[in-house]
Amino acid sequence: MNKGNLQAIFDKYINGFDKFNDFAHAEFFKWKVCTMFPELMNKALNTEDENFSKALFEVKKCTYNIIDGY
């Protein structure tokens, strides 16, 4: 991985954060998913077999507006 390129991407995002997170663009939902996904995935992975598919579906639901338009 080219750390310089990655840093440039982060810098551009941070510098344009106000634009990306205004009412018209509403990027804030991505940060919500970033906080929900790990918690829900851990819960799913620690769920008993018969409930695993239901728990995994909850993980999928939290990403409805990011991955494949749900």
Side-chain angles (χ1 to χ4, degrees):
M1 173 182 290
N2 185 315
K3 290 182 181 181
N5 287 343
L6 183 60
Q7 187 61 51
I9 292 168
F10 285 141
D11 291 343
K12 287 183 181 190
Y13 185 82
I14 290 167
N15 291 333
F17 190 79
D18 291 338
K19 178 183 178 188
F20 298 130
N21 288 288
D22 66 6
F23 185 74
H25 297 94
E27 291 282 310
F28 61 87
F29 67 87
K30 292 180 181 176
W31 298 109
K32 183 177 178 183
V33 172
C34 288
T35 59
M36 293 174 62
F37 184 86
E39 180 181 321
L40 290 171
M41 184 56 88
N42 283 335
K43 183 179 176 182
L45 293 173
N46 290 308
T47 300
E48 296 297 321
D49 291 340
E50 63 272 4
N51 294 318
F52 178 71
S53 62
K54 291 178 184 176
L56 201 56
F57 184 71
E58 292 301 315
V59 176
K60 180 184 175 197
K61 281 179 19 182
C62 90
T63 64
Y64 77 93
N65 56 358
I66 292 180
I67 300 174
D68 296 332
Y70 190 72

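- For residues 1-11, the side chain to side chain donor-acceptor pair (under 3.5 Å) pairs, not counting sequence neighbours, are Q7-D11.
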Less than 3.5 Å apart, which donor and acceptor atoms pair up between the side chains of residues 35-45 and the rest of the protein, not counting sequence neighbours?
unit_1: T35; atom_1: OG1; unit_2: K32; atom_2: O; d: 2.8
unit_1: N42; atom_1: ND2; unit_2: P38; atom_2: O; d: 3.3

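- Enclosure of atom CD in E50 by more than 12 non-hydrogen atoms of other residues, nucleotides or ligands within 6.0 angstrom is indicated.
- For I9, there are no side chain to side chain contact (heavy atoms under 4.5 Å, CB included) partners two or more places apart in sequence or in a different chain.
- Note that NZ of K60 is 12.0 Å distant from OG of S53, once rounded to the nearest 0.5 Å.
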